[in-house]
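Data block below; observations after.
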Amino acid sequence: MENLNRGLLFYQTGKKLPFIKRAEGIYMWDHTGKEYIDACSGAVICNIGYGNPRIAKAIAEQSGDTFFAYRIHFENEPAVRLAMELVEHSAPHLNRVFYVSGGSEAVESAMKLCRQYFYNTGQGSRSVFISRTPSYHGSTLGALALTSYAPLEIPFRPMMQTYPKIPAPYCYRCAYHKEYPHCNLECARALEKTILEQGPENVAAFVAEPVGGASTGAVVPPEDYFAVIQETCRKYGILLILDEVMTAFGRTGKLFAYEHWNVEADIVALSKGMASGYYPLGAIMARDSIVDKVINGGGFAHGYTYAGNPMACAVGREVFRVIREEHLPENAAGMGRVLKAGLEDLEKRYGIIGQVRGKGLLLALEMVKDRDTREPFPAEKNVNMLLTNEAYDEGLILYPRRSINGLSGDHVLVAPPLILKKDQAAQILDRLDRAFKRTMKKL
Ligand SMILES: Cc1ncc(COP(=O)(O)O)c(C=O)c1O
């Protein structure tokens, strides 16, 4: 590691980290040889785990043909074949695919497809997108305008559209101070209220993560939540966009999270698990009736240079096959139950764990100062980072965030690769236990 000028490169902060040397399965090793378990799959992306030889083989094969061909000049077989497989294995009405390279691009593309559909069908007044608070939909300005996580928004507010938000179904901290099922699903019914306030003729779509991701920490909606949402969208002719960037490709125990509630999204945004970190790739899927109106009305006025990249699609296709052939959604469901039960054991032993939640292998722990009142820790204690740093020292990687719109509250995502085995779940719990012991000492 000599002669490396690390100061040149920056991300969110200038924090210095160990260099990665190698990764295999759920394990990673840094340049000193220290082992880590990646209990959050990177940024909840590496669904098939690291170092899968099938993907290396697919890359080698595709590299013999071409890495790149511009979509304006050529069609390419991996792109078409992956689209065929996506359509075959998703809901019957989701029969068209548009490729991108990441989650923010997928969300932006979903918004623009939706907008152009309304523009082309004589409903040009529809341009308002309603989303939820808290939520995360990406970092580009359109996706950020849907996002609700204050620290990411504040500097950029003057540059962004201000779209209306309704409360996420975050029952642990219900915005209405009610309790399910006596709440009449007020958070879902807030959609209709907001549509009426905005004027239904101005609203284009409602956008939501089916199971909450980073911002809420794996919030699972009540069973009948999406039925109310779906009915409201249909009543006012607005589109339902599901942001499955984090939840799709088996993460929640089904191939797509919408399957849990049979909700029929008009557009679905995909990325992360789609190529599982082996290549940048994402997509939106939509129904014919939307896409045809856009294509036949002059074409989609939107696109990216890397869209439909042959190598990305060859990788995505092999990843998708691994996910199906190795029954990873089923494994995520089963191992999710095992890991969640282990986390609930920890909850019994550590009074600072307020709630364990999630679905499949998208799980989270919320930490609180007082379990009875659910009072969060003072923000400056940064308990989510404290626990994450202690876990890192113990060789366990977690995904920390603030629960109360990014400003206070503490949760960590526990979302290991979907190839997880029982003894590995026990290893995660063991290291997490040690991390909690160290955290308690420092509080
Ligand atoms: C639900 C959701 N949407 C969109 C994104 C943005 O994806 P990307 O970081 O690939 O742009 C993320 C990333 O965490 C996400 O979790």
Side-chain angles (χ1 to χ4, degrees), residues 11-12 38 40-47 98-114 129 131-149 151-153 156 160 163 165 168-170 205-221 240-252 256-258 263 265 267-285 304 306-307 309 312 315-316 319 358-364 397-403 406 411-415:
Y11 298 108
Q12 275 99 332
D38 185 356
C40 56
S41 309
V44 197
I45 166 168
C46 302
N47 288 14
F98 177 89
Y99 290 118
V100 299
S101 302
S104 303
E105 286 186 6
V107 171
E108 296 272 350
S109 303
M111 294 172 78
K112 287 174 82 175
L113 181 69
C114 171
F129 289 80
S131 57
R132 306 188 305 189
T133 177
S135 61
Y136 187 71
H137 295 289
S139 58
T140 51
L141 290 174
L144 191 59
L146 302 179
T147 292
S148 178
Y149 195 81
L152 299 178
E153 301 162 55
F156 309 108
M160 290 193 302
Y163 290 132
K165 310 276 188 299
Y170 182 12
F206 176 62
V207 189
E209 300 154 273
V211 175
S215 292
T216 58
V219 152
V220 181
L240 175 58
I241 299 176
L242 285 183
D243 180 349
E244 290 241 21
V245 165
M246 191 178 274
T247 50
F249 299 99
R251 174 56 60 191
T252 68
F256 299 95
Y258 62 68
V263 53
I267 308 178
V268 173
L270 306 169
S271 185
K272 294 200 185 259
M274 186 173 183
S276 276
Y278 287 82
Y279 225 81
L281 179 64
I284 55 171
M285 297 188 72
Y304 301 100
Y306 278 97
N309 175 276
V315 168
V319 167
K359 224 174 178 49
L361 282 172
L362 182 54
L363 299 171
I397 307 177
L398 302 172
Y399 197 91
R401 283 290 184 275
R402 295 271 196 213
S403 320
H411 63 256
V412 291
L413 288 181
V414 184

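Just follow the structure's listing: the first ligand is 1, and inside any ligand the first atom is 1.
With hydrogens and angles ignored, the 3.5 Å screen pairs a side-chain donor or acceptor of Glu153 with a backbone N or O of Tyr149. For the pair Ser148 (side chain) and Ser135 (backbone), a donor-acceptor distance under 3.5 Å is absent. A donor-acceptor contact shorter than 3.5 Å links the side chain of Asn47 to the backbone of Phe249.
Arg402 pairs by the salt bridge (charged side-chain N to carboxylate O under 4.0 Å, His left out) definition with Asp410, not counting sequence neighbours.
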- Item | Audit row: Tyr304, Tyr306, ring pair (Phe, Tyr, Trp, His ring centres under 6.0 Å) steps and yes/no | CA-CA 6 Å; Tyr304 301 100; Tyr306 278 97; over 10 Å; no

- Decide yes or no on side chain to side chain donor-acceptor pair (under 3.5 Å) for Ser41 and Arg251, but give the supporting numbers first. CA-CA 10 Å; Ser41 309; Arg251 174 56 60 191; 3.0 Å; yes

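For ligand 1, the 4.0 Å heavy-atom shell contains residues Gly102, Gly103, Ser104, Tyr136, His137, Gly138, Glu209, Asp243, Val245, Met246, Lys272.
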